[in-house]
Number of protein chains: 2
Amino acid sequence: MASNALKQPIVRQSLHEELVGLVRELIVDGDLPPGVKIPEKELCERFGVSRTPLREALKVLASEGLVTLTPNRGASASLITIEDLEEVFPVMGALEALAGELACQHMTAREIASVRSLHNRMIEHYRQEQLKPYFQLNQNIHEAILAGSRNNSLIVMYRSLAGRVRRARYFANMSRKRWAQAAAEHEEIISALEARDGAQLADILKRHLQNKFETVSQQLMEMAESVQKPNRASR
Amino acid sequence: MASNALKQPIVRQSLHEELVGLVRELIVDGDLPPGVKIPEKELCERFGVSRTPLREALKVLASEGLVTLTPNRGASASLITIEDLEEVFPVMGALEALAGELACQHMTAREIASVRSLHNRMIEHYRQEQLKPYFQLNQNIHEAILAGSRNNSLIVMYRSLAGRVRRARYFANMSRKRWAQAAAEHEEIISALEARDGAQLADILKRHLQNKFETVSQQLMEMAESVQKPNRASR
DNA sequence: GTTTTCAGTTTTACATTCAACTTTTGGAGT
DNA sequence: ACTCCAAAAGTTGAATGTAAAACTGAAAAC
């Protein structure tokens, strides 16, 4: 009876759950840019499902803040404003700081060493100015610290916020100067983690995110100026 | 054309949205105790709606963590374990601390004065050992500080967590000693707020929540011992 | 030339239906 | 009397249907 426990987990997640993941990916990856309408019919055909599970998925994503539902007018990928970022970043900062503290308590030496190795590889890409892999490793590091908190509620919550702002990332090209700063901050992060100095790590992570926010924010400002009011909801 | 801007906002929230609110209330207020199955049919009849919008609402509540969906076996009010509380409380602590810091920056003198008056009334109820109104004012104070943060994302996120643990409150009768401690902590909270000392306020709030957690946790432990494994999901 | 109006079409919100899975119930065998 | 199996009843997951709201665009009015 327990024989099939070996088989791949037959967790057959329900259709709507799968759709939540798929559509979320579309949005945070920027395939559905902020503000554009999401006609259900189109997505239904794209995924080959009926409207019911898709609509359920959209409701969930709306509660996460990724899509905006307007009564009788359907769904659209949520717009992201500077005000949103101003709100979200401090919250992410608090959460990541907490993650850092907990990670200092809970991570094994082996795990910390593995973060260090991610870090070293990341710095190597920084030196060679390879942005893409740099970003990837960067994200991996933050994910590893998060996982090290051993706190699933924290992780889920952080990911939700991160998803909402990640879309802004596509606008944000780092200046060379900012990049150097970020790399330096990461050096501090690793040091604090290796020293298991939770307070210190929390502090750096918060600062790191704050700086990142300022970069993204400035970029967004410049865009907003040049585009001259991309007008939201005209009424 | 703008004439109807004066009329009450015709926001006619959709059916499913309304249901989310209603069912959420049922759960956090303890009308649907943790672990019990939620047959959709019953709720449908209760609210006089068809299954479609109700199921949408359940999906949303599941993503908030209030209900647990088991494939082909429907929904149930999520169980709440000590481990869950251990996870959630630090996160709430971090968020409330941030709220405190922001509130110190953003609240008007008038608002702070109004919190003070809530506080005074609460202390009066404490002196007279009136638990119910004490609790109510207590919650009002925390809500006011939260609102003072002027950060909607923070508020939404905090409320979501608070909803998940609020159900545990029904087990937690405070000891006289703990009550005195809580009242004292609130005295500190008000002082820090009036001094607009953000760091101090953050610190106290975090401590306050930590103490609260220990009380609730202990209570839960005792219950768990007496009930001897209320067994969750047998397989 | 611009704005308004109104029929036709599309899209959405919700209800209903259908199929698949679970649980229950009844009975046969040990 | 207990266990095991099978058929029925009930519930859930997903598809389809329906009524109403919103968009479109072309003709009429200003």
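Letters A, B, ... mirror the listed sequences (proteins, then strands); counts begin at 1. Just so it is clear, the structure is predicted and the values come from calculations on it, not from any experiment.
- Computed from coordinates, the B:Lys59 NZ to D:dT12 C1' distance equals 9 Å when rounded to whole Å.
- Comparing atom distances between the A:Arg55 side chain and each of D:dA22, D:dA15, C:dC14 picks out C:dC14 as nearest.
- If you check C:dT12, C:dT22, C:dC14 against the side chain of A:Lys37, the one that comes closest is C:dT12.
- Ion pairing between a basic and an acidic side chain is recognised when a charged N comes within 4.0 Å of a carboxylate O; A:Glu214 and A:Arg178 show no such pairing.
- A salt bridge is absent between A:Arg167 and A:Glu25: the closest approach of a Lys/Arg side-chain nitrogen to an acidic carboxylate oxygen does not fall below 4.0 angstrom.
- Here the straight-line distance linking atom OG of A:Ser153 with atom CE of A:Met157 works out to 7.5 Å at 0.5 Å rounding.
- For B:Ser14 against C:dA13, no side-chain N or O and base N or O form a donor-acceptor pair under 3.5 Å.
- Closest approach to the B:Lys41 side chain among D:dT11, D:dA14, D:dA15 is made by D:dT11 (side chain taken as heavy atoms from C-beta onward).
- D:dA14 atom P lies 8 Å from atom NE2 of A:His16, rounded to whole Å.
- Separating the CG atom of B:Asn72 from the P atom of D:dA9 is a distance of 21 Å, rounded to the nearest angstrom.
- For D:dA15, one of the phosphate oxygens OP1 or OP2 lies less than 4.0 angstrom from a side-chain nitrogen or oxygen of A:Ser50.
- Proximity of a side-chain donor or acceptor of A:Ser149 to a complementary backbone N or O of A:Ile145 within less than 3.5 Å is not detected.
- The distance from atom CG of B:Leu54 to atom C1' of C:dC14 is 13 Å, rounded to the nearest whole Å.
- Ion pairing between a basic and an acidic side chain is recognised when a charged N comes within 4.0 Å of a carboxylate O; B:Arg164 and B:Glu64 show no such pairing.
- Between the two ends of the helix from C:dG1-D:dC30 to C:dT30-D:dA1, each summarised by a five-pair axis, the helix axis turns through 10° (rounded to 10 degrees).
- Between B:Glu83 and A:Arg150, none of the side-chain N atoms (NZ, or NE/NH1/NH2) sits under 4.0 Å from a carboxylate O, so this pair counts as no salt bridge.
- Remark: C1' of C:dA13 and CG of B:Leu19 are 13 Å apart, rounded to the nearest angstrom.
- Look at CD on A:Glu17: it is 11 Å from P on D:dG13, rounded to the nearest Å.
- Remark: P of C:dC14 and CD of A:Glu40 are 11 Å apart, rounded to the nearest angstrom.
- Using a 4.0 Å cut-off between charged nitrogen and carboxylate oxygen, A:Glu96 and A:Lys206 do not count as a salt-bridge pair.
- Of the candidates D:dA14, C:dA13, C:dC14, the closest approach to any side-chain atom of A:Pro53 belongs to D:dA14.
- We find that CZ of B:Arg73 is positioned 12 Å from C1' of D:dT11, with the value rounded to whole Å.
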